[in-house]
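Report on the following structure.
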Amino acid sequence: MTAPQSPFTYVDSGPEHGRRKIAVMAREPHAGPAQTVVLWLGGFLSDMTGTKAVALEAHALSQGLGFVRFDYSGHGASSGHYTEGNISIWLEDAMAVLREFTGTRRLILVGSSMGGWIALRLVEELRKAGQGNRLAGIALIAPAPDFTADLIEPKLTDAERLSLDVKGYFDVPSDYSAEPYRYTRNLIEDGRTNLVLTGPVQTGCPVHILQGMKDPDVPYRHALKIMERILGDDAILTLVRDGDHRLSRPEDLERICQAVSAMSQIA
């Protein structure tokens, strides 16, 4: 019996002596003068098969947009274990996918939770490479840029600090998994080298932040901090009074799709 074909394409990321296999699902935009690709950037310990990514892909394709989703190394169908990763590594994974599957097309970055941090770092890297004009828009869903420094480190208990010093990690229970989340010293120290909210955030394109006010993981005041840092007037913050961290209800998905549609029309 022939084994079923994998739905994923794989791209290499990282140095030659430590290549990582990154699983990708890519759909081309319809032919046209303004070809735009939506790049989905998931959260910490999430994968590309989640509700938001699948729903947004269907919407993007119905609008003639391309769509690319992938798993960071140590996540989903990609190689490695997440405890081996950090923001720099996952940014490198995102850059490898972007180069391989988006070419020189216009981009709409959609970052969920930690993916919001990766999105803002991608903006910095694209602008540094002289490709900032490719950005048609950025949608951030319950974004958690700088979460290691802003949301984790200030709340560390004495026991967690001791575990970091002795073991190099500490575990916390998760509402989304039977297994606890493991935060490593490597992740926290690397996070300090990738901070994006220490000064102005210059995107050069429209930004739409969607944030639940009942989010137990990323307080909505963190979204306000991001808004305060963004330069330019073309930034929108939608606070969902009864929204949680997932923002995966039908009405939440509709808000996300509408935000992306508005950006694609500008593009």
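Residues take their numbers from the sequence shown, with the count starting at 1.
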All pairs passing salt bridge (charged side-chain N to carboxylate O under 4.0 Å, His left out) where residues 76-100 contributes a residue, at least two apart:
Arg20-Glu92, Arg20-Asp93
The complete set of salt bridge (charged side-chain N to carboxylate O under 4.0 Å, His left out) pairs with one or both residues in residues 203-231, sequence neighbours excluded, reads Asp150-Lys225
Side-chain contact test, heavy atoms from C-beta onward, threshold under 4.5 Å: evaluate it for [X] versus [Y] and give yes or no.
| X | Y | answer |
| --- | --- | --- |
| Ile87 | Met114 | yes |
| Phe147 | His222 | no |
| Asn86 | Ile89 | yes |
| Ile152 | Phe170 | yes |
| Trp117 | Leu41 | no |
| Val68 | Arg27 | no |
| Leu210 | Asp252 | no |
| Asp242 | Arg249 | yes |

Tell me whether the rings of Tyr183 and Phe44 are parallel (<30°), tilted (30 to 60°) or perpendicular (>60°).
parallel
What verdict does the side-chain contact (heavy atoms from CB on, under 4.5 Å) test give for Leu107 and Leu122, after you've listed the backbone C-alpha separation in whole Å, the side-chain angles of each residue and the deciding distance to 0.1 Å?
CA-CA 11 Å; Leu107 294 167; Leu122 272 178; over 6 Å; no
Check: Phe70 ring centroid to Phe101 ring centroid under 6.0 Å
no
Side-chain donor-acceptor contacts of residues 197-206 below 3.5 Å, not counting sequence neighbours, with atom names and distances?
unit_1: Thr203; atom_1: OG1; unit_2: Cys205; atom_2: N; d: 3.4
unit_1: Thr203; atom_1: OG1; unit_2: Cys205; atom_2: O; d: 3.0

Cluster question for you: counting only ILVMFWY and a side-chain heavy-atom cut-off of under 4.5 Å, with indirect links fine, are [X] and [Y] together?
| X | Y | result |
| --- | --- | --- |
| Tyr181 | Leu162 | no |
| Leu164 | Val172 | yes |
| Ile188 | Leu151 | yes |
| Leu239 | Leu140 | yes |
| Leu224 | Ile138 | yes |

Would you call Glu251-Arg255 a salt bridge at under 4.0 Å N-O?
no
Does a side-chain N-to-carboxylate-O contact under 4.0 Å join Lys128 and Glu125?
yes
Fellow cluster residues of Val54, listed by chain then number, with links counted only when side-chain atoms sit under 4.5 Å apart:
none
Can you sort out the partners of Lys155 under salt bridge (charged side-chain N to carboxylate O under 4.0 Å, His left out), two or more places apart, ordered by chain and number?
none
Under the salt bridge (charged side-chain N to carboxylate O under 4.0 Å, His left out) test, which residues partner Glu179, sequence neighbours left out?
none
Enter the distance from Arg127:CZ to Asn133:CG here, rounded to the nearest 0.5 Å.
10.0 Å
What distance separates Arg19 CZ from Ser79 OG, expressed to the nearest 0.5 Å?
11.5 Å
Any side-chain donor near an acceptor of the partner, Arg246 and Thr51, under 3.5 Å:
no
side-chain contact (heavy atoms from CB on, under 4.5 Å) between Tyr82 and Leu187, worked out
CA-CA 10 Å; Tyr82 78 93; Leu187 174 66; over 6 Å; no
Taking the side chain from Ser112 and the backbone from Gly42, do they hold a donor-acceptor pair closer than 3.5 Å?
no
For atom OH of Tyr220, is the number of surrounding heavy atoms from other residues, nucleotides or ligands below 6.0 Å larger than 12?
no
Does CG belonging to Asp165 count more than 12 external heavy atoms closer than 6.0 Å?
yes
